[in-house]
Structures are given as C-alpha cells and as structure tokens.
Amino acid sequence: MCGIWALFGLDVPSLSHICKNFEQITHRGPEAFKLEFDQAIKNGYLGFHRLAIVDNLQGMQPMRLYQYPHLFLLCNGEIYNYQKLGMEHGFTYTTHCDIEVIIHLYVHLGSNNVTRMLDGVFAFCLMDIKNRRILIGRDPYGVRPLFQLQSDDGQLGICSESKGLINITKQMASKWSLKPFQPGSYEEYEILNDGRTKLLTKVNYYQPGDKAHFSAFVPYNNLSSTDVHENIRKLLSAAVKKRLMTDREVGCLLSGGLDSSLIAALLVKHAKEANLPYKIKSFAIGMGDSPDIIAARQYLKNKYKFLYFRKVFEKHYGGQAENFVPYFWMPRWTKGVSDPSARFITHYKADVKNNENETVIKNTKNN
Ligand SMILES: NC(=O)CC[C@H](N)C(=O)O
C-alpha cells in the first residue's frame, strides 16, 4: 500500500494541524513515516507512510538523491519496467527502489515524458524546488488511489485517501473542490512565491486502447492478429509474472471464483519457475460458510493442496465492523468505489505485525 500526502500554500498551517491530517492515513504504511518541509518552498509539506515492497533499506520517501537534491519524490506504487528503462536510457540508480526511475525520467526526458513511460500502478507527486514545479501523475486505470484538494486561490493538497484532506477544507476561505485525481493523467504546477500554485498543464496521456509509449512487457509483435484467446493467455500470464517484483513474500487473495482462481494458478506456476523459496499463501475473506469461503476451500482442495488457507475476516474481525470501516479510502462507504476485500487486507496487514511479511496479489489491484 503506502500513503502519500502533500500540501502547498495553505495560509495558517500550524504543525499540529499538518500532523493531524497527515496522521489520517497512518494505516497505509505500518513500517515508517516521514514528513518533510524545506524553507525554499513556503508552506509546502510532503508526507509519506511506508509499506516497503522494493528496497526496504534505501527506498524511503520523500525520496531525495544526492545527484538531484532539489527533487523530492512521493510515490505509492510499483513500476515494473524500472530496470528496463534504466538500461535503455543509461540511468545510474542510487537505490534499488523501483520508484527512483521517476526522478531520472524527469531530469533526463522532462516533465512531459515521465508518466507515459511508466509501466506500473502508481500515484506520484514530484516537487522541484530549483525550478519551482510540482508534477503529479496517476496510472492509466487508477489502480492506485489519489485525491486532490484545490482552492480557487491556488492552495493544493494531494493524498492517497480523501480523509487526509477533508479537514483542511475547514481552513479554506476561498472556494475549493476535493475529488479523485483523474486516472491516466498528469498535471504540472508552478509554485508561486507565496507557496500557492498555478496550474501549467493538465494532460490525459492515456486512453483505453492506446499503445504503450514504453517497450511493453510482452512486445506487440509477439501477439497474434487473429488468435484472441492466445493473446489473453499470454498477457494475463505476463501480468502476473511481472508482479513478482518484490522483496516481500507474495500471496494472493482468493474468492474461489473464476478470476481469482485463475490468478492463483498462474501465480503458483510463476513462483515455481522463479524458484521462490516459500509456499504461496492465499487469503480468503468471508464469514462462516459464506459462498466465497466454500468456493475457495473447494478450489484449494481440488487443485492446490499446498496453498495455505486462512479465513482472515472470521478469525480477526468477526462482528467488529467498526474496526475496519476507517480503513476505506473514502470517509464513508461509497458503493462501487471502495473494494471491501482490499480494505480488509489493509487492516489485517496493519494489525498483524509480528509474523507476516507479504505482498498480496489479487485480480483487480495488487499490493
Ligand atoms: N507500497 C508502495 O507503494 C511501495 C512504494 C515503492 N514501490 C516501495 O517499494 O517502497
């Protein structure tokens, strides 16, 4: 998961007010947090809660590199092609963390060629204090959440969950809006002398059906122009394979339905090929003998005895709905926006600290 949070140009930002709002998304990163301010930017704050996926040691954020000390990067996400991009463009990485590539793309290719080069799931915010710029981008389908608070007079906030921004609006005298940052788009802002911001560009860099700007994980010429089934097989399998990129153990959410069972099977296949030194664990969510639990149990029994099965919800949260509601993205339940199973896992991961160390793959979002 990970939580990103940034605020620019708010008029009366007491430190306790800043911390209180930043604290609203603590559950997104149980391992470390950091809040940063640099006097070069008046009233500019960047905060990060970390759940490390790649490079536990050096991947902390806001990421700053000694070659480019004027750049501050926040990113919730995984960038699957960071090594490929590094080789193609000759980038010298300081860390082993996937998101570092965003800084190099910005420096070498410019702000208009960062977001469209990324093969991954991401929401990021890059602050450039030398050129007084902010670049914000989100993945094509909005797999990673991002909310944006904007006032008519240039105050700007971004956060992985809207609850990290909602209370800030109480201090805004001018007209404001708080909405999801549009998937498949990026925005560039100028940071004015008083710390407020001015929108310079807003670009929808991706429409469904567009070809990728980066070299695709499965090259286009490896796809058949006639055999759609074969293409689906190849692409789905590759999609699971590239998600093995993590220093943590990989697991999967399993409902026992067609989609998740397929993903689990592909995951086990790729895990074997990659010689992962542990057995894949699966997580099913449901109460008692709910249909998902029955289907998942059946699936595991018939197919993959070696998968590990745990009824997360029943074991930890039976009858305690109020304990997990705060972990939804939105301040209140919004049908079709939040995904209950992912939220349960979030809470579970934040709660069970001592023995679990996993990345969970599911069929719609992964983390
Ligand atoms: N959870 C995240 O968003 C992880 C961010 C980054 N990929 C890391 O490994 O640290």
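As the structure lists them, so they are numbered: ligands from 1, and atoms in each ligand from 1. Positions are given from 1 along the sequence. Remember, it's a predicted structure, so these values are computed and weren't measured experimentally.
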side-chain contact (heavy atoms from CB on, under 4.5 Å) assessment of K170 paired with H17: CA-CA 11 Å; K170 291 179 190 152; H17 187 60; over 6 Å; no
Positive for side-chain contact (heavy atoms from CB on, under 4.5 Å) with Y186, one of T115, L126, N204, I136: T115
From the candidates G59, S160, G77, the one that places a heavy atom nearest atom 6 (C) of ligand 1: G77
Ligand 1 to I99 polar contact by distance, N or O atoms, under 3.5 Å: no
Distance filter under 4.0 Å to N76 heavy atoms, resulting ligand 1 atoms: 2 (C), 3 (O)
Numbering as shown, the atoms of ligand 1 that approach C2 to under 4.0 Å (heavy-atom distance): 1 (N), 2 (C), 3 (O), 4 (C), 5 (C)
Under 3.5 Å: N/O of I53 near N/O of ligand 1: yes
A212 backbone acceptor or donor facing Y220 side chain under 3.5 Å: yes
Joint cluster assignment, I158 & L35, ILVMFWY side-chain distance < 4.5 Å: no
Proximal atoms of ligand 1 relative to L51 (non-hydrogen, under 4.0 Å): 1 (N), 2 (C), 4 (C)
Min N/O separation V54 to ligand 1 under 3.5 Å: yes
Side chain, backbone, both or neither: the part of D98 lying under 4.0 Å from ligand 1 by heavy atom: side chain
From the candidates R50, E78, R28, the one that places a heavy atom nearest atom 4 (C) of ligand 1: E78
SB check E23 K20 (cutoff 4.0 Å): no
Ion pair check, K241 and E273, cut-off under 4.0 Å: no
Donor-acceptor pair, side chain of R116 and main chain of Y206, under 3.5 angstrom: no
